[in-house]
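Throughout, numbering of the chain's residues begins at 1 and tracks the sequence.
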Amino acid sequence: MEIQDINQNQEEDVPIPKIIGLTGGIGSGKTSVAKLLEEKGFPVYYSDDEAKNIVNKDSALKEKIIKLLGIEAYIDGVYNRKYVAEKVFNNSELLEQLNHLIHPAVRIDFENWVEAQNSEYVFKETALLFELKLNQQCYKSLLITADDNLRIKRTMDRDGKTYREVEAIIQKQMPEKEKCKLADYIIYNNSDFESLRIATEAFIEELE
């Protein structure tokens, strides 16, 4: 396990609480790090989970998604994730349009969440931190990464997907080397969970 700090320029006026963007590709261990941070008392906003809630409870957003993707986007009022995923997986234009509907709603929800926190640092966990340039709205960014073959194996074991299915997902994501160039902190999760815990604690010490 290895942790790397990449020094980048900071703005002098940083809002409180300071927002740390937490990201990582599929099978990287991003969620595991988020849970470890919560154990240490840091508030974590799970963007992907909150997005799942918002698409079901925001009636105006529902109407927009149905207009974009068709009535099949919801079954009995519940977001049809399988159908939507199949519609947008190989259609980048449609995916971008969907993101333009969902992400503003998530952003507002996140801003309200931040206002309710009483912590020097809060973490925004999101898979698309760099793709959507959300890191520009953060004080710092933390990338969790691992070798591709290890990420594929973890995802196959966790989700029951085939090698080719996971590989196709990874190829759709921003290359790890590009993310590494953008991240302020990097945790390499190529070992076991205890090593990940140690690296996360080292990051916290460096952050504070």
Within 6.0 angstrom of [X] [atom1], more than 12 heavy atoms from elsewhere:
| X | atom1 | answer |
| --- | --- | --- |
| Lys64 | NZ | no |
| Lys172 | NZ | yes |
| Arg158 | CZ | yes |
| Glu111 | CD | yes |

Shortest non-hydrogen contact from [X] to [Y]?
| X | Y | result |
| --- | --- | --- |
| Ile144 | Gly29 | CG2-C, 4.0 Å |
| Thr23 | Ala127 | OG1-O, 3.4 Å |
| Ile20 | Tyr139 | CD1-CD2, 3.8 Å |
| Leu143 | Ala183 | CB-CB, 3.7 Å |
| Lys179 | Met174 | CE-O, 3.3 Å |

Run the salt-bridge test on [X] and [Y] with the 4.0 Å N-O cut-off and return the result as yes or no.
| X | Y | value |
| --- | --- | --- |
| Lys52 | Asp48 | no |
| Glu86 | Lys82 | yes |
| Arg154 | Asp157 | no |
| Glu206 | Lys140 | no |

Among residues at least two apart in sequence or on other chains, which ones pass side chain to side chain donor-acceptor pair (under 3.5 Å) with [X]?
| X | answer |
| --- | --- |
| Thr126 | none |
| Asp159 | none |
| Glu131 | none |

### Query
If you group Ile, Leu, Val, Met, Phe, Trp and Tyr by side-chain heavy-atom gaps below 4.5 Å, do Leu68 and Ile75 land in one group?
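Cluster IDs for Leu68 and Ile75 differ.
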### Task
Give a yes or no on whether Ile71 and Tyr79 share a hydrophobic cluster (residues Ile, Leu, Val, Met, Phe, Trp, Tyr; joining criterion: side-chain heavy atoms under 4.5 Å apart).
yes
Measuring only between side-chain heavy atoms, which start at C-beta, is [X] closer than 4.5 Å to [Y]?
| X | Y | result |
| --- | --- | --- |
| Gln137 | Phe110 | no |
| Tyr45 | Glu50 | yes |
| Asp109 | Asn53 | no |
| Cys138 | Asp184 | no |

### Query
Is there a side-chain contact (heavy atoms from CB on, under 4.5 Å) between Leu134 and Leu128 once you walk through the steps?
CA-CA 8 Å; Leu134 300 175; Leu128 300 175; 5.5 Å; no
### Query
Ignoring hydrogens and geometry, is there a side-chain-to-backbone donor-acceptor pair from Glu165 to Thr162 under 3.5 Å?
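It does hold such a pair.
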### Task
Take Glu176 and Arg151 through the test salt bridge (Lys or Arg N to Asp or Glu O under 4.0 Å) and record every step on the way to the result.
CA-CA 12 Å; Glu176 294 297 291; Arg151 292 169 57 209; 3.6 Å; yes
